[in-house]
Number of protein chains: 2
Amino acid sequence: MSGERVPTANMAMVARVAGVSRATVSNVLNHPDRVHPDTVAAVNAAIHQLKFVRNGLARTLAAGHANNIGIIVSGFDHSYSSEIIVSAQDKAIEAGMHVVITCSNHDIALQDDHLRYLHGEGVAAVILVPMPNSDASISRAIGRGTRLILIDYDGEPLNCSSVRIDNIATGRLAATYLLESGKSRLHFVGPDGDRVVIRDRCRGVTEAVGFAGMSVSTVQGLSREAATAQGREIASLARDGLIDGVIAATDIIGMGVIFGLKEIGLKVPEDVAVVGCDYNAFAWRGDVTLTSVDLLSETVGATAMQLALDQVKGRVQAPCNIVLQPRLVIRGS
Amino acid sequence: MSGERVPTANMAMVARVAGVSRATVSNVLNHPDRVHPDTVAAVNAAIHQLKFVRNGLARTLAAGHANNIGIIVSGFDHSYSSEIIVSAQDKAIEAGMHVVITCSNHDIALQDDHLRYLHGEGVAAVILVPMPNSDASISRAIGRGTRLILIDYDGEPLNCSSVRIDNIATGRLAATYLLESGKSRLHFVGPDGDRVVIRDRCRGVTEAVGFAGMSVSTVQGLSREAATAQGREIASLARDGLIDGVIAATDIIGMGVIFGLKEIGLKVPEDVAVVGCDYNAFAWRGDVTLTSVDLLSETVGATAMQLALDQVKGRVQAPCNIVLQPRLVIRGS
DNA sequence: CTGAAAGCGCTTACAG
DNA sequence: CTGAAAGCGCTTACAG
């Protein structure tokens, strides 16, 4: 157990080489305008020569504020997560902040752990895409004083900023499109369980159609295999003329349905039209491209980061809850 | 600019509440066995009462070693990244370490930035899945003293531990399988550019087949759209009887080819068999599932983390370079 | 078993 | 414009 770090250059060494005090080195790094140009040059030369990289831990500790923001996601199996991360990071970089990501791997205990960990590491704020039913964990984080921004949070109202998509509107948008395309016997298919997101999408469909006009079925889980299997079931309903439009709660399911329909020779969208609800880049692209509802991942990520930055910079105190309206993207299904 | 942190409990407060010194609180946290059980209980009660979370920055700074390991990936658009992260994190957690992820978004400057940043944050080690042509950036990190583990690095030999898949074997495996399935007119299709990974896979195919027995084509980029378009081109070659087996450098391309073939009524794998080379869970399993070469992402991630931990714990000094042999997974194509 | 003291590498008023 | 000094929140020998 001797994994000592190779002795790295620190500010004291830079100061010595440059012939100045540590305070001056610090000033060159943080407020170069307050330092004589010649001194700046000398210090920078020393920094360069010693390959000095400032210790960010000590910096944060001494300065009392961090220059990084944490993002916790539960997994990368949906393109939504990655898209949020990328757009959030872009915004953070503009503001001179770093982003560290943490993955809870769909494990609520791990999510809790990451929340504690990032708090302990003193990140300036945490953006969380919370797992369902993690209210307790979230409240604890807020209680601890973590600056938290919630994405697509669907639990009890919390004293915390958030950004989310209107999932009822998502379902309504999908259903309305099918109705306007002349379809009338709609079917909603979503994963089992009682996730609010899915329930909302279903509710949106119901609002647009009315209970009488629709049927509903369920897929076990979120896998492609299960989606394809259920697609075959739905195809048989379609063959019997019971269905002419399908709203799939997820794009993966939507593609499964399309494969099921085509397998028995039904034409998409002529015989049966299919709309997905989560614009998943990992789902598109069979020979038929899936029409879906854009959940504006990029806007969501950028907005969440903006809220985080506003809080960090002290520009805003009160929590701010933003609800975004989704957008239908018509493609080939 | 007044985004001050809410005053959080620190060790001094815990010590006061528990009626002990800060050193004792620290001992309760780090070496509970050295402390009287009653004292431990009192301190823990205070910790609980104050919702104290130890400042990890200060801990790392004072202790001289971190309890976290960074992973830098260039994106999450391939399931390989996520799988590596998950398995690496599992191994880290076993060892009581935390994992922070950073995404360079396919930007070599950003990758360099993350490398510097993580070094500055003092992470115990960094696992990097490097972008092509980032040797300079990597050497700099090593020079700085960062403990670096490279995954699938294909540049100049470096004084640094690494894990990689044998990509020549990947191509050979795919081609050999097709030959043994009775196919003889093989075609290799990969993305343009001169990535070593792709060249190696092609070389593996060549080794198995000989130049005379194969043709080669190229896709612009890695998108599904381009893959599908090229799939149509390849399908026309197949229709003319010039091809009866396709090795696709990526699974996304493989699926594009399958869609192209089926569009003109060719049967997969009877008329033309298709094998992918990167076992991408995001390549949609259509009605035909893609036979592919498993790049053992989980082993790669776990092994990389093991190498990192060994170094951190001081169990190993010399760099260790591991080459893993891929494994063919026969599915429906 | 417990605590006083020094120190990790930096920043930030405050003098000069 | 520059530096001496205190302090960020913790850990670690070292006494006791």
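The figures here come from the full heavy-atom set of this structure, side chains too, leaving out hydrogens, waters and symmetry mates. From a predicted model like this one, the values you see are computed outputs, not experimental measurements. So you know, we letter chains A, B, ... as the sequences are listed, proteins then strands, and number each from 1.
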Could you tell me how far apart A/N30 (CG) and C/dG9 (P) are, to the nearest whole angstrom? 18 Å
Atom-to-atom span, CD1 of B/I47 to C1' of D/dG9 - whole angstrom: 14 Å
Rounding to an integer number of Å, can you tell me how far B/L29 CG sits from D/dC10 P? 9 Å
Is any side-chain heavy atom of B/L115 less than 4.5 Å from a side-chain heavy atom of B/L148? yes
Distance-only, no hydrogens or angles: does the B/R147 side chain make a donor-acceptor pair with backbone N or O of B/A124 under 3.5 Å? yes
Tell me: CG of A/L61 to P of C/dC8, nearest whole Å? 14 Å
In whole angstroms, how far is the P atom of D/dG9 from the CZ atom of B/R54? 15 Å
With a 4.0 Å limit, can you tell me whether B/N55 has a side-chain N or O closer than that to the phosphate oxygens OP1/OP2 of D/dC10? no
Show me the side-chain donor-acceptor pairs of residues 104-113 of chain A shorter than 3.5 Å, one per line, residues at least two apart or across chains.
residue: A/S104; atom: OG; partner: A/V73; partner atom: O; Å: 3.4
residue: A/H106; atom: NE2; partner: A/D77; partner atom: OD2; Å: 3.0
residue: A/D107; atom: OD1; partner: A/A109; partner atom: N; Å: 2.8
residue: A/D107; atom: OD1; partner: A/L110; partner atom: N; Å: 3.2
residue: A/Q111; atom: OE1; partner: A/M131; partner atom: N; Å: 3.0
residue: A/Q111; atom: NE2; partner: A/S134; partner atom: OG; Å: 3.2
residue: A/D112; atom: OD1; partner: A/S137; partner atom: OG; Å: 2.7
residue: A/D112; atom: OD1; partner: A/R140; partner atom: NH1; Å: 3.0
residue: A/D112; atom: OD2; partner: A/R140; partner atom: NH1; Å: 3.0

Is there a side-chain contact between B/V17 and B/F52, using heavy atoms and a 4.5 Å cut-off? no
What's the CZ-P distance between A/R59 and C/dC10, to the nearest Å? 11 Å
Using Watson-Crick or G-U wobble geometry with both distances under 3.5 Å, which nucleotide pairs with D/dC1? C/dG16
Any N/O pairs under 3.5 Å between the protein and nucleotides 2-6 of chain C? List them or say none.
residue: C/dT2; atom: OP1; partner: B/T39; partner atom: OG1; Å: 2.4
residue: C/dT2; atom: OP2; partner: B/H36; partner atom: N; Å: 3.1
residue: C/dT2; atom: OP2; partner: B/T39; partner atom: OG1; Å: 3.2
residue: C/dG3; atom: OP2; partner: B/S21; partner atom: N; Å: 3.1
residue: C/dG3; atom: OP2; partner: B/S21; partner atom: OG; Å: 3.4
residue: C/dG3; atom: OP2; partner: B/T24; partner atom: OG1; Å: 2.8

Could you check if a side-chain atom of B/Y117 sits within less than 4.5 angstrom of a side-chain atom of A/V100, using non-hydrogen atoms only? yes
Checking contacts here: which listed nucleotide (D/dC10, C/dT12, C/dC10) is nearest the side-chain heavy atoms of B/F52? D/dC10
Rounded distance (Å) that lies between atom C1' of C/dG9 and atom NE2 of B/H65: 17 Å
Between B/S139 and B/D135, is any side-chain donor less than 3.5 angstrom from a side-chain acceptor? no
What's the CZ-P distance between A/R16 and C/dG9, to the nearest Å? 12 Å
Min side-chain heavy-atom separation A/L309-A/E94 under 4.5 Å: no
